[in-house]
Asks: 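I have a structure I would like to understand better, so I am pasting it below and will then ask my questions one at a time.
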Amino acid sequence: MLQLASVTGVVKVILIILLIYYGVKILSRIFAPLLLKFIAKKAEQRFGDQFGGFHNQQQKQPTTKEGKITIDKMPENRSSNKNVGEYVDYEEID
């Protein structure tokens with residue numbers, strides 16, 4: 001037996017498909033940023049755990065005041081070698 005679809009049945013199916021499509025589209029705009037923030041936070045925690053707590057170092061307060069200069073080590077005095085070689089005078093040839 002051959003069954004034919006009624007016009008109202010086809011319209012109902014199309015409306016249901018459109019309702020589901022737009023419902024998913026609206027819900028994804030609401031929940032996608034929250035989901036991405038959650039995923040980024042988890043990845044940051046995993047990265048920090050793997051590499052020795054990197055995310056904890058960013059939250060520490062600096063121990064020195066802004067603009068203060070500190071020198072950890074003095075530069076070594078290097079004397080230049082005066083006996084590098086002899087000076088050669090040259091002329092340009094045209």
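Each residue takes its place number in the sequence, starting with 1.
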Asks: Are Ile26 and Leu34 connected into the same hydrophobic cluster when the rule is that any two of I, L, V, M, F, W, Y join if their side-chain heavy atoms are below 4.5 Å apart?
Replies: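 Yes, Leu34 connects to Ile26 through the hydrophobic network.
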
Asks: According to side-chain contact (heavy atoms from CB on, under 4.5 Å), who are the partners of Lys37, at least two apart in sequence or on a separate chain?
Replies: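 Partners of Lys37 under the side-chain contact (heavy atoms from CB on, under 4.5 Å) test: none.
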
Asks: Looking only at heavy atoms, which two atoms of Ser28 and Pro33 are closest? And how far apart?
Replies: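 Here Ser28 and Pro33 meet closest at O-CD, 4.2 Å.
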
Asks: Would you be so kind as to tabulate the donor-acceptor pairs closer than 3.5 Å made by side chains of residues 7-25, with sequence neighbours excluded?
Replies:
residue, atom, partner, partner atom, Å
Thr8, OG1, Ser6, OG, 3.4

Asks: Hey, could you give me the CD/NZ distance between Glu44 and Lys41, rounded to the nearest 0.5 Å?
Replies: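 Answer for the CD-NZ pair, Glu44 versus Lys41, is 9.0 Å.
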
